[in-house]
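Source: prediction; values computed, not measured. Proteins get letters first, then strands, A, B, ... in listed order; numbering begins at 1 in each.
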Number of protein chains: 2
Amino acid sequence: MADIATLQVPQITRRPLHEEAVDRLRELIVQGRIAPGTRLNERLLCVQFGVSRTPLREAIKLLAAEGLVQLLPNRGAIVAKVEAARVAETLAVMGVLEALAGELACRNATDAHLGEIRALHYEMLAMHARGDLAGYFKFNQAIHLKLVKYSGNAVLYQLYRQLNASVRQARYMANLTKKRWDEAMREHDEILAALDARDSARLKALLSDHLTHKLASVIGVLSSPAAA
Amino acid sequence: MADIATLQVPQITRRPLHEEAVDRLRELIVQGRIAPGTRLNERLLCVQFGVSRTPLREAIKLLAAEGLVQLLPNRGAIVAKVEAARVAETLAVMGVLEALAGELACRNATDAHLGEIRALHYEMLAMHARGDLAGYFKFNQAIHLKLVKYSGNAVLYQLYRQLNASVRQARYMANLTKKRWDEAMREHDEILAALDARDSARLKALLSDHLTHKLASVIGVLSSPAAA
DNA sequence: AAAATCCAGTTTGCATGCAAATCATGGAGG
DNA sequence: CCTCCATGATTTGCATGCAAACTGGATTTT
C-alpha cells in the first residue's frame, strides 16, 4: 500500500523561491522585456514575483555570475548591455565551441540523436519556407543546442548555453536580410550532411564558418542600428 | 582646496561584504582547503568570515554559477567534486579556447606583451631547471593566462579563468612525471617561437596539442590515484 | 549664470528571527 | 542482525527591520 504516497514524499518539498525567481528574471531579460542598462529595482521585482527581497537578491547574484546582469556595488544591478564588441567576442568563442561540439558529436552522437536533429532541420526549413521568423529562430536555436548537447561534453554544453543566453537578444537581429537567411539555410544543409556522414573535419569547418558568417551579420546590424 | 577630500569621497564607501566573502570562499575552495563534496555550513563560515548569513548566502550563489560549488535545494551547497570525466571535458574545452586565444594573440598582442610572456617563459624554465614544482606551476599558469588575456577577447579571458579555477586542483596533478615535464618544456619552447613569429596556424596547433597532452597526463593520474 | 553644497526620499546592504526541511540517533518490529 | 520508522537537533530558506549609501533637486556661493 501507499506506493504513491511514499513515492511522492521526496517531491512534496517545494522548489526554493530563489530558483523560481532566477528563471522568471532570466526570462524577462533574455526576452528583452527589461532593456539593457536598466536598473533592477529590487522592491519592484519583489511585488512582481511575489517573493521577499532575500531570495530575489540571491537570484540576481546567480544571474550576475552568468553574465546577464552586472552588479554595481551599493547601486544594485543593471541588465548587462549588449555592446557590439562584446557580442563579437562572444560569438567568436561560440564558434570554436560549436566546432568542437561538432567534432565530438560525429563520434559520440547516436543515430537516434542524428534523427532528432534531422527532424528539427526539416521543421526549420518549413519555417523558412513560410517566412516565419520567430518559428525559424526557435528551431535554429534548438538545432545548435542539440548539436552541442549530443557532443557528450556536459561542460561544453553548459558553457555554450550560458554564452547563448548572454547574446540571445543580439542573435535575433542576425539573419535579417533574406539573402543571409537563404545562405544560412544552405549552410545548415551542408552541416546536416557532414553530420550524417560523421565527417568531423568537414563539420568542424562548416560550423566555424557558419558562426563567422553569423558574427558578421550581427555586427553589421549592431553597428548600424538605424538600418533596422 | 580640499582636493584630497573630494577625490576620496567616491572611495570611502566600503566594499560590500558579500564580495569579500566571495573572494575568501573562492580562495578556500580553489586551494583545496575545503575538500570537494564537503557541505558548506553557512553558520560555520559566517563566524569564520565575520559576516551574517545573508551576504554569505549571496556569495555562495555567485560561486554556484561559476561552477565551484553545487547547490542542493533545501540542502545548501557542497564544494563541486572534480571527477575525472568532468576534468577531461573541461580540459577539452580549454584546449579549443586556448587555441583560439593563440590565434588572436598572434594578431592582437603587442611586442611588449610578447616580451612579458617571454620573460615568464624564462622564469618558468628556471623553475624547471631547479626542479621547483610549485614555482613552475605558478609561472606556467601565468603564461597561459597572459596568452589568453593578450588575445584581446575579454569574454574568452573570463571564461578561460573560470574553467581554469574549476580544475585548478586537478591541474596540479598533471606534470607529475619527469618525462612529461621535460616534454611540456619543449612544447612551451615551440609555443613561444610560434608566438614570436606570429604564426597563428602553427601556434593554434601547438596549443591544441599541448592541452591534449596535459589532458592525457591528468587523466592518467586521476584514473589511477594509487599510482601517485 | 555656473558650480558646488546640502538635504529629503529612495534604494541597497546587512542582521536577525521564525518556519519548513533535512539529518542523526535511538528504538521497535521483523 | 538488519530494516524501518519516529523524534529531537540542526540547518536551510525566507521575511522583515534598520542603517548606510545613493539620487535628484533646491539652495547657496562664487
Side-chain angles (χ1 to χ4, degrees), chain A residues 1-25 29 34-35 37-65 68-80, chain B residues 1-25 29 34-35 37-65 68-80:
Chain A
M1 62 101 194
D3 278 348
I4 296 172
T6 51
L7 282 173
Q8 281 181 343
V9 167
Q11 292 295 346
I12 58 168
T13 69
R14 71 173 190 284
R15 189 164 180 240
L17 292 184
H18 63 81
E19 284 190 16
E20 185 90 14
V22 166
D23 288 345
R24 295 185 61 180
L25 188 49
I29 293 174
I34 311 180
T38 310
R39 255 178 88 164
L40 296 178
N41 187 311
E42 295 180 357
R43 207 143 322 206
L44 200 73
L45 292 169
C46 280
V47 300
Q48 192 168 344
F49 293 169
V51 302
S52 157
R53 284 179 57 217
T54 305
L56 178 73
R57 282 175 60 83
E58 294 179 355
I60 290 176
K61 296 294 181 297
L62 279 167
L63 294 179
L68 285 182
V69 307
Q70 185 181 351
L71 297 180
L72 307 177
N74 294 317
R75 280 190 289 170
I78 63 173
V79 177
Chain B
M1 65 107 191
D3 278 347
I4 296 171
T6 52
L7 282 174
Q8 280 181 346
V9 167
Q11 292 295 345
I12 58 168
T13 70
R14 73 172 190 283
R15 190 164 180 239
L17 292 184
H18 63 82
E19 284 191 16
E20 186 89 13
V22 166
D23 288 344
R24 295 184 62 180
L25 187 49
I29 292 174
I34 310 179
T38 310
R39 255 179 88 165
L40 295 178
N41 187 311
E42 295 181 357
R43 206 143 323 205
L44 200 72
L45 292 168
C46 279
V47 299
Q48 193 169 345
F49 292 169
V51 301
S52 159
R53 283 180 57 218
T54 305
L56 179 74
R57 282 174 60 82
E58 294 179 355
I60 291 176
K61 296 294 181 297
L62 279 167
L63 295 179
L68 285 182
V69 309
Q70 185 181 352
L71 297 179
L72 308 176
N74 294 318
R75 280 189 291 170
I78 62 173
V79 177

message = Please tell me if B:R75 has a side-chain N or O lying less than 4.0 Å from either OP1 or OP2 of C:dC23.
response =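 Affirmative; the distance criterion is met.
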
Between the protein and nucleotides 16-18 of chain D, which nitrogen or oxygen pairs are less than 3.5 angstrom apart?
| residue | atom | partner | partner atom | Å |
| --- | --- | --- | --- | --- |
| D:dT16 | O4 | A:T54 | OG1 | 3.3 |

Calculate the interatomic distance between [X] atom [atom1] and [N] atom [atom2]; express it in whole Å.
X: A:L17; N: C:dA21; atom1: CG; atom2: C1'; value: 14 Å
X: A:L56; N: D:dG13; atom1: CG; atom2: P; value: 16 Å
X: A:R57; N: C:dC14; atom1: CZ; atom2: P; value: 7 Å
X: A:E58; N: D:dG13; atom1: CD; atom2: C1'; value: 8 Å
X: B:N41; N: D:dT12; atom1: CG; atom2: C1'; value: 10 Å
X: A:E19; N: D:dT12; atom1: CD; atom2: P; value: 15 Å
X: B:E42; N: C:dA15; atom1: CD; atom2: C1'; value: 14 Å
X: A:R15; N: D:dC14; atom1: CZ; atom2: P; value: 11 Å

To the nearest 0.5 Å, tell me how far [X] [atom1] sits from [Y] [atom2].
X: A:Q48; Y: A:L25; atom1: CD; atom2: CG; value: 9.0 Å
X: A:E58; Y: A:L17; atom1: CD; atom2: CG; value: 10.0 Å
X: B:I29; Y: B:L40; atom1: CD1; atom2: CG; value: 5.5 Å
X: A:Q70; Y: A:I78; atom1: CD; atom2: CD1; value: 4.5 Å

What is the minimum heavy-atom distance between [X] and [Y], and which atoms define it?
X: A:L56; Y: A:E42; value: CD2-O, 3.3 Å
X: A:R53; Y: A:C46; value: CG-SG, 3.2 Å
X: B:E19; Y: A:P73; value: OE2-CG, 3.3 Å

message = Nearest to the B:R39 side chain among D:dA15, D:dC22, C:dC23, which nucleotide is it?
response =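 Of all the options, the side chain of B:R39 is nearest to C:dC23.
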
request  = Under 4.0 Å between any heavy atoms, over every strand shown, what does A:I60 touch: base, sugar-phosphate, or nothing? Just pick one.
outcome  = nothing

ask   = Reckon B:L44 touches a base, only the sugar-phosphate, or nothing at all at heavy-atom distances under 4.0 Å?
value = nothing

